[in-house]
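Okay, so here's the structure we're looking at.
So you know, we letter chains A, B, ... as the sequences are listed, proteins then strands, and number each from 1.
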Amino acid sequence: MLSLPLKSGVPSLGPSQTHTCQRHATQSINQSINRMTLAVALRNLLGHLPRTLLTVGAIAVGLASLIFLWSFNEGLHQNMLGNFQRAIIGSVQIHREGFFQQPELSGYIRNPQKVTEVLEKNGLTDFSRRLESFGLAASDETTEGVMLIGMDPITEPRVTDLEKRIGIGRFLQPEDSYSLILGATTANNLRVKLGDQVIIVGYDRYGVMVAESFTLIGIITSGEMGLDRGMALTSLETLQEMVDMPGQVTTFAINIPQKSIDKSVSALKAQLLDESLEIMPWHVMFPVMKEWVTLHNGFLYLFIGVVLFIVVAGELNTLLLSMLERTREFGVFMAIGTTRQEVAALLITEALFIGILGTIAGLILGLITVLLTGVTGIDLSILLGSTSRFYVDPLIYPQLELDRLDITVSAILIASVVAGLYPAWRASLLQPAEAIRNG
Amino acid sequence: MTSIIKTHDLHKCYWVGTMPHPALHGINLDIKQGEFAVLAGRSGSGKSTLLNIIGALESADSGSVEVFGQNILEMTQDQRTRFRLHNIGFVFQAYNLIRVFNARENIAYVCQLQGKSKEESLEIANHWLREVEIEHLGYRRPDQLSGGQQQRVAIARALASDPKIILADEPTANLDTQTGRNLIHLMQDLNQRPGTTFLISSHDPDVKEAASRLIKLADGQIVDEWSTIPKTPTSIYSDCPVQNMPFGERVQFKIKRLIRWRRIRKPSKKNRRRS
């Protein structure tokens with residue numbers, strides 16, 4: 001049996017008691033926030049289960065849609081950038097300084113052996129050597145300007161998938177000599193077909209005009225304008241022989257995983273410092289592609305903003321409604337000794353609970369969606385028709401980026417707490433008597 | 001006896017738009033320790049407002065309220081909250097229990113706010129549930145209790161923080177007559193045994209009859225007041241403002257008061273049995 005002291009004498013609050021009150025107050029705040037606030041918040045949410053579930057559901061759907069959108073976006077970008085790089089340019093190219101702006105054979109790489117050694121030393125084995133120059137392709141009927149590329153038929157497939165883009169005929173073989181692959185548009189303009197002879201006119205490294213007859217063995221039908229028009233491919237040895245540059249190359253095209261491009265470029269730059277070379281990642285060569293991705297991500301951030309606004313508005317509505325419904329209860333809480341801060345903490349805790357539950361549900365829903373669509377892929381061909389001209393495959397596989405997941409989850413959680421701030425502030429301003437009277 | 005509540009020239013006016021509604025008009029009150037004082041008066045007479053101001057739930061426009069010698073009107077909101085927590089217990093007309101807590105937790109909550117451990121708080125809650133004779137209902141939620149049972153929980157909650165004063169605003173208004181009487185006896189019992197001071201606003205005749213001191217308010221002013229507690233041992237009627245009553249009513253009133261006075265002075269049957 002608990003013994004409760006009966007009061008005797010007149011109690012008065014002296015300085016020591018005031019101090020005791022303050023100490024109790026501090027203890028009370030800590031303990032109540034840690035235990036009772038959690039208990040009250042949880043019970044209040046469970047007490048209005050349909051409303052709580054609706055709000056949690058809204059957050060979950062918002063988060064899941066964001067996770068899916070990020071993943072779809074990432075899958076789309078990876079697909080598009082991968083296709084773009086594997087179409088012809090590779091992830092990184094090495095040329096002699098100024099060659100990219102002015103591609104002339106005089107700008108060949110002086111020491112290709114050293115470049116090869118450095119690449120292999122850095123574990124970059126997926127590279128292909130090329131000799132590139134401008135030329136003129138001529139058929140019996142007409143001529144067309146082309147970018148003439150001599151490539152190694154064995155190493156080229158490590159960097160590009162040109163082999164897969166040959167719609168008519170075949171890709172280059174090591175034993176091929178004076179064989180030619182043209183883009184579909186170029187072949188069409190020249191009015192040539194497989195097996196026809198095409199004259200290629202060019203200049204050697206001394207500026208002397210040279211011309212050779214090539215047999216058309218393949219036609220690229222990629223649907224991508226950059227490849228189908230103005231491209232003429234032959235074997236490296238053939239072109240070296242034609243322009244009298246045996247063993248010389250103008251370009252190293254390298255395939256590097258996306259995430260390590262910048263790091264590899266820095267390492268190569270440091271190790272090839274004295275070779276007067278330009279080491280260019282794809283986004284430096286074709287910045288418009290990166291700008292497009294940035295713009296696309298910008299739209300997505302805008303969408304995130306809209307979703308966050310909806311989440312905040314939905315939760316704010318729930319909490320505000322809950323706060324107004326419980327005005328009398330908050331008045332009672334204050335009347336029996338709960339401080340304003342504790343009342344505010346109660347509502348913020350409820351908001352946090354809703355946010356955490358919504359985030360967990362949204363994570364599960366989003367991850368399941370991404371995992372499923374990541375396996376089956378999403379077929380855009382019905383919606384978009386041919387997407388190849390944008391370097392996009394019709395089947396997109398969403399890819400989840402953990403960095404994006406962190407940001408999205410944090411944003412949803414912060415938004416949840418922010419949604420609780422206003423009702424908490426309103427509740428903390430309540431006057432106990434008025435709240436009990438009018439609540 | 002020592003004064004524990006003193007108000008001096010207390011004024012309070014509510015504003016509805018630009019229309020003033022005076023609630024209190026120069027209230028001077030002195031409540032002694034251990035009193036079972038009742039504020040009586042019609043609706044709108046200022047009973048609840050006075051109670052709220054004394055309980056630091058509301059501010060006054062002017063005047064002073066000293067509770068245990070401290071002017072509560074000069075305190076900040078947080079200081080008032082803490083002051084209430086440690087010194088004042090509230091009993092409301094509508095019970096106002098926390099609906100998500102059961103009876104036991106409602107009582108234990110205030111103890112936990114005071115910094116007591118959960119175990120200790122629940123032990124105190126059990127004690128007070130026994131005191132108000134509803135120990136068996138401790139695990140029921142407010143919506144599973146009758147009005148009388150809820151009010152008992154509310155009284156237990158008010159007492160659990162070990163306050164020196166209980167302020168009760170129309171505690172029997174929502175109860176049937178018998179339940180209301182039981183509750184009054186309970187409060188009287190608690191008033192006599194631990195010596196808790198009760199200040200009750202009510203227009204329930206049973207509550208007024210139980211009062212050791214009756215303060216009648218009208219239009220925000222004290223218009224009548226009597227006490228069964230003598231200012232001096234020889235004159236228990238010295239401050240009785242009944243001189244203007246007709247003779248018959250005056251005699252009847254004095255007899256009733258004498259009976260009431262004897263009842264307060266004598267231990268109850270229950271206490272006699274215990275002793």
Side-chain angles (χ1 to χ4, degrees), chain A residues 1-14 17-18 20-32 34-36 39-48 326 328-343 428-437 439, chain B residues 1-4 33-34 48-49 52-53 55-59 67-70 77-90 92 94 96-101 105 109-110 112-118 120 123-124 126-128 130-131 157-159 161-162 164 193-197:
Chain A
M1 177 78 178
L2 186 74
S3 61
L4 294 170
L6 299 182
K7 286 174 275 296
S8 61
V10 178
S12 62
L13 283 180
Q17 275 176 298
T18 310
T20 310
C21 280
Q22 285 168 352
R23 202 177 63 232
H24 277 302
T26 313
Q27 283 177 352
S28 169
I29 286 167
N30 294 335
Q31 290 184 0
S32 62
N34 289 339
R35 293 178 185 173
M36 285 177 298
V40 177
L42 200 58
R43 288 184 192 193
N44 272 323
L45 293 177
L46 290 173
H48 293 98
R326 288 152 58 200
R328 173 188 281 262
E329 192 171 290
F330 289 133
V332 175
F333 268 121
M334 287 172 167
I336 62 177
T338 311
T339 59
R340 290 158 182 274
Q341 293 85 346
E342 286 163 347
V343 168
S428 73
L429 292 182
L430 288 172
Q431 295 295 323
E434 203 179 323
I436 293 168
R437 195 163 46 232
Chain B
M1 279 191 289
T2 320
S3 294
I4 57 171
Q33 194 206 358
S48 296
T49 303
N52 286 339
I53 292 172
L57 291 178
E58 208 163 348
S59 296
V67 181
F68 304 125
Q70 293 196 325
Q77 285 291 345
D78 283 347
Q79 282 173 334
R80 287 184 193 185
T81 305
R82 292 299 163 195
F83 186 80
R84 282 197 297 271
L85 177 64
H86 292 278
N87 297 288
I88 300 170
F90 284 96
F92 302 98
N96 287 339
L97 301 177
I98 310 294
R99 66 190 162 78
V100 294
F101 287 151
E105 289 165 338
Y109 179 74
V110 279
Q112 283 186 272
L113 280 178
Q114 286 182 318
K116 295 186 176 84
S117 70
K118 190 181 176 185
E120 193 186 352
E123 213 176 327
I124 294 169
N126 285 336
H127 166 82
W128 283 110
R130 267 196 301 278
E131 287 288 314
R157 178 179 69 181
L159 287 159
S161 61
D162 195 21
K164 287 87 185 175
R193 284 194 295 121
T196 308
T197 306

Chain A contacts, top residue of B/Ile53, B/Asn96, B/Asn52 (heavy-atom pairs, under 4.5 Å): B/Asn96
Separation between CD of A/Glu342 and OG1 of B/Thr81, rounded to the nearest 0.5 Å: 9.0 Å
From CD (B/Gln77) to CD (A/Gln341), nearest 0.5 Å: 10.5 Å
Separation between OG1 of A/Thr338 and CD of B/Gln112, rounded to the nearest 0.5 Å: 11.0 Å
Nearest non-hydrogen partners of B/Phe92 and A/Ala335, listed with the distance: CZ-CB, 3.8 Å
Salt bridge (charged side-chain N to carboxylate O under 4.0 Å, His left out) involving B/Arg84 - partner list, sequence neighbours excluded: none
Candidate list B/Leu113, B/Leu85, B/Asp78, test side-chain contact (heavy atoms from CB on, under 4.5 Å), partner A/Thr339, passing option: B/Asp78
Gap between atom CG of B/Leu57 and atom CD of A/Glu434 - 0.5 Å precision: 12.0 Å
Student check: side-chain heavy atoms of A/Val332 and B/Arg157 closer than 4.5 Å: yes
Shortest non-hydrogen contact from A/Gly337 toward B/Arg82: O-NH1, 3.7 Å
